[in-house]
Amino acid sequence: MEKSCSLLIHFDKGTPALANEIKEALEANDVPAKIDAMKKAVMLLLNGETLPQLFITIIRYVLPSEDHTIQKLLLLYLEIIEKTDSKGRVLPEMILICQNLRNNLQHPNEYIRGVTLRFLCRLNEVDIIEPLIPSIMSNLEHRHPYVRRNAILAVMAVYKLPQGEQLLADAPEKIENVLTTEQDPSAKRNAFLMLFQCAQERAINYLLAHVDRVSDWGDLLQIVVLDLVRKVCRTNKGEKGKYIKIIISLLNAPSAAVVYECAGTLVSLSSAPTAIRAAANTYCQLLQSQSDNNVKLIVLDRLNELKSSHREIMVDMIMDVLRALSSPNLDIRRKTLDIVLELITPRNINEVVLTLKKEVMKTQSGELEKNGEYRQMLIQAIHSCAVKFPEVASTVVHLLMDFLGDNNVASAIDVVIFVREIIETNPKLRVSIVTRLLDTFYQIRAARVCSCALWIIGEYCISLSEVESGIATIKQCLGDLPFYSVSEEGEANDSSKKSQQINSTTVSSRRPAVLADGTYATQSAASETAFSPPTVVQGSLTAGNLRSLLLTGDFFLGAVVACTLTKLILRLEEVQPSKVEVNKATTNALLIMVSMIQLGQSSALPHPIDNDSYDRMVLCVRLLCNTGNEVRKIWLNSCHESFVKMLSDKQMRETEEIKAKAQISHSQPDDLIDFYHLKSRRGMSQLELEDAVQDDLKRATGEFVKDETDANKLNRVLQLTGFSDPVYAEAYVTVHHYDIVLDVTVINRTKETLQNLCLELATMGDLKLVERPQNYTLAPESSKQIKANIKVSSTETGVIFGNIVYETSNVFERMVVVLNDIHIDIMDYISPAVCSDAAFRTMWAEFEWENKVAVNTVIQDEKEFLDHIIRSTNMKCLTALSALEGECGFLAANLYAKSVFGEDALVNVSIEKQADSKLSGYIRIRSKTQGIALSLGDKITLKQKGGS
């Protein structure tokens, strides 16, 4: 085993100093040179050099020095050097050091005394310490607190040594006397710590004797008191009541660190509602008073844990938690909103929504760069509030509709999706939403938001005035027709000449023109119409958003415009008695559609219309020319029914998730009613009474802990060697979040004693061994339990391999038994998770690692294969079940999971059924890190065959 080291010094890897140079510098009288030489000597020793020739030089030339820095470096040197021989006996030359240390402990300068006492804390050799004990004890009464506090630490270190109780039999009593008379807060804290660690009963007696003055003690001492309280209450639960009073009194301490520790201690020791409420209040105060963002994030984590175990108490604290939104940090705001959204009840929903509305309004005025992202988070929060409690939708929907034209496209998309859901779930708001949408439609700048808004207009404009307003709004936003013009001479030219002219015109239109006065002006395409081939007509300056988007070549939006106009015309036929008006509107709609098709097929735009959009527009034209009842039913009813089904599916999924969570969190079907009056009070306070009742409840319900079943435990036992090997070994693997514990049982199968038996392990992947292996002696046919800890730093499939090495009495060479490899499964680290479609698409676009696995399976049914992949990869299918229904020979689904390290794993399954009934296609895995993409790919390749 390597010796422990209490030093960590930066060592610049230049040319190392030579021992002779160091020796010369130490022998000189130059103090700065001596300091430099001592530093070099310490660094060389830390890097494995022995330097035995320097010891006598240091004793002769460095020991007598009066310089404080040199004396400090000398103590560091003495700490590092070997002080014992191979048999563990103290080297004779160490007697020289003893005299020097005694002199230092009686030195007139308090700094020299203090650093020497600090040095003795790290000394383990009893033979060196024993002669110094009277000097150490005399320093307990030194006039300077720096010396006293280090003397107490030295006494504690000596008392903890194997023979410490013989060396300092009366140490606890002496330290207790010091504690009663000591005034220095730091020395007092050290004295109490010594009693806590070495004589716990004395520490408890002192605490209970001075219980009224605990709140006046220093913060360092108060934190040690809390440590003691935690330890005592865990070992002796019956005494808990009187200690909880101490914690409650410390909740008003001026130190934030003490207050935070108090709240954590309260939560860990008591489940009484009064105690939990006090802890939650404390956390909320810290959230407001602390300016450090890291502290706020840690406090929010604690509140999140409280929310899981004591939701009913946290519900009352919701407005205090919401105050954390005043922080400009997005992570803090996101965490706060996540906690708040799970604490919403019918009682507090109005207050919460009002606060969120105020925050949305603030994002309009501020100039902060992250305002758009924050607004998006707020809109999503309001959306989920309105879905849970539809009655609040009316108060927020009109405010949010102001953000349909937001520069942040993501938040505008969130708004329009929210509006689409609310208009369906709240029929009373339909008229006002449609009117507002038609008024603000011209402000929308993003194509995706326009598409969704047009769909809403097409579906929910029902009355005559709404339908006519809808058609008028679309016409206004499209501007004047046609979308492009063709000059006479352009028509006369042949097509090849035309294409050349187009190229030259396009280039020239991008280049600024020089005017007569020497200034620059950008030529607009419209000004060239008189002498150019087919050219886009930009329309007037107030031309609508739809026109500008169409002229960028967005024909999907054109197809949506055509479909919306078709729906509006079909509805107009139902509500407009005048046939003339209907025909006029139909003609206008047809003209718009034909103009869009012409624009798509012209050479005015760099890219022609795509086939899908072209087919949809042509379908709309045919439909308006020849309408029938069947078609009318599909266009006016079926689309709406699909949307309603999608919403009900979503609601059903959310309800199922809530039910699943409810089943996990409660082990009892009904809550117990506490009858405090029936419990013997025995002079207990209300808090102690509550705590006792909660403890009884926990005991009765088995503390709500479900142990792992024996079958699961047996699944984790791995055989490492064969039954015929001289040493049999098997490991029980426990995977925690950030570490793996191997509990290895080693059995000696031979009739001989195995000496220096060592379990040597090595790892591959992001796994690291924590401790070095130890040697054991194993008697014939006996067994030994060996524990090995392995740290995990990322989600990646790792391999642990190694061997067992041992010696026997009659064989001179070491014997080796090679162990089976232990494969650490990625499935232990990833768990199913949920995210929105928009978030999934964003991550899919951002993540740089992709692993593409070709489908190769004996399974012949698409849905069965998808279920098999979901089971094998422990992922959640985000694609709605309704979208996977039916038999069409194709299937595409998105899967999502999150690792314990917070990494996201995205999977897209795209499969097709071939003519011979076999499945083909690809499974794509994307992640931020390479490890998770490769490991999941390997797992899928291994498991996808199925059937076996």
Side-chain angles (χ1 to χ4, degrees), residues 6 55 58-59 62-66 68 70-81 83-84 88-184 186-203 206:
S6 56
F55 184 75
I58 286 172
I59 295 294
V62 179
L63 216 60
S65 172
E66 288 294 313
H68 289 184
I70 290 177
Q71 284 298 322
K72 173 76 177 171
L73 287 165
L74 172 64
L75 292 172
L76 292 180
Y77 168 79
L78 294 176
E79 188 184 326
I80 301 165
I81 58 167
K83 292 176 267 299
T84 54
R89 289 193 297 264
V90 173
L91 296 168
E93 57 263 34
M94 289 299 142
I95 304 303
L96 298 168
I97 296 171
C98 262
Q99 186 57 45
N100 177 60
L101 291 174
R102 191 185 290 114
N103 294 343
N104 276 2
L105 290 173
Q106 292 161 359
H107 198 281
N109 183 285
E110 54 270 7
Y111 174 76
I112 297 292
R113 286 196 186 206
V115 290
T116 309
L117 288 162
R118 288 292 284 267
F119 163 70
L120 292 176
C121 293
R122 296 192 285 271
L123 210 59
N124 298 324
E125 286 72 27
V126 175
D127 294 350
I128 299 173
I129 290 171
E130 197 169 359
L132 304 174
I133 283 175
S135 306
I136 295 172
M137 297 307 280
S138 66
N139 276 311
L140 287 173
E141 287 151 22
H142 192 272
R143 62 186 169 74
H144 202 283
Y146 176 70
V147 177
R148 293 200 302 274
R149 75 175 78 128
N150 283 311
I152 295 165
L153 288 176
V155 168
M156 181 167 77
V158 173
Y159 194 79
K160 280 183 173 178
L161 290 174
Q163 295 96 0
E165 291 187 33
Q166 285 90 25
L167 291 174
L168 283 170
D170 59 344
E173 192 181 334
K174 281 264 176 73
I175 297 293
E176 193 173 4
N177 294 337
V178 168
L179 186 58
T180 50
T181 56
E182 184 58 69
Q183 296 303 312
D184 179 63
S186 192
K188 208 167 182 177
R189 174 254 182 204
N190 288 354
F192 191 80
L193 182 68
M194 189 271 170
L195 291 180
F196 165 36
Q197 294 193 350
C198 304
Q200 197 173 303
E201 278 305 311
R202 286 178 185 269
Y206 178 81

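The figures here come from the full heavy-atom set of this structure, side chains too, leaving out hydrogens, waters and symmetry mates.
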For [X], check side-chain hydrogen bond (donor to acceptor under 3.5 Å, both in side chains) against everything at least two apart and list the hits.
X: Asn139; value: Arg113
X: Glu176; value: Arg202
X: Gln99; value: Arg102, Asn103

Which residues pass the salt bridge (Lys or Arg N to Asp or Glu O under 4.0 Å) test with [X], not counting sequence neighbours?
X: Arg118; result: none
X: Asp127; result: none
X: Arg189; result: none

After noting the C-alpha distance and the side-chain angles of Leu132 and Val158, does the key distance pass the side-chain contact (heavy atoms from CB on, under 4.5 Å) rule? CA-CA 11 Å; Leu132 304 174; Val158 173; over 6 Å; no
Which pairs pass salt bridge (Lys or Arg N to Asp or Glu O under 4.0 Å) with one or both residues in residues 135-148, sequence neighbours excluded?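 As it turns out, the salt bridge (Lys or Arg N to Asp or Glu O under 4.0 Å) pairs with a partner in residues 135-148, which skip direct neighbours, are Glu110-Arg143, Arg148-Glu182.
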So which heavy atom on Asn190 is nearest to which on Arg149, and how close? ND2-O, 3.2 Å
Closest contact, heavy atoms only, Ser138 versus Ser135: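 Result for this residue pair: OG-O, 2.7 Å.
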Holding to ring pair (Phe, Tyr, Trp, His ring centres under 6.0 Å), I want the full list of residues that pass it with Phe55, two or more places apart in sequence or in another chain. none
Under 4.5 Å between any side-chain heavy atoms of Asn150 and Tyr146, yes or no? yes
Do Leu140 and Ile175 touch side chain to side chain, with heavy atoms closer than 4.5 Å? yes
Determine which pairs satisfy side chain to side chain donor-acceptor pair (under 3.5 Å) with at least one residue from residues 164-175, sequence neighbours left out, and list them in order. Asp170-Lys174
For Ala154, check side-chain contact (heavy atoms from CB on, under 4.5 Å) against everything at least two apart and list the hits.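 Checked Ala154 against side-chain contact (heavy atoms from CB on, under 4.5 Å); matches are Leu117, Cys121, Ile136.
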Rounded to the nearest 0.5 Å, how far apart are CG of Asn104 and CD of Gln71?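 The distance works out to 5.0 Å.
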Separation of Ile133 CD1 from Leu105 CG (nearest 0.5 Å):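 Rounded to the nearest 0.5 Å, the CG-CD1 separation comes to 11.5 Å.
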Can you say whether the rings of His144 and His142 are parallel (under 30°), tilted (30 to 60°) or perpendicular (over 60°)?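 Answer is tilted, since the angle falls between 30° and 60°.
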According to ring-ring contact (aromatic ring centres under 6.0 Å, His included), does anything in residues 106-140 pair up with another residue at least two apart or in another chain? List the pairs. His68-Tyr111
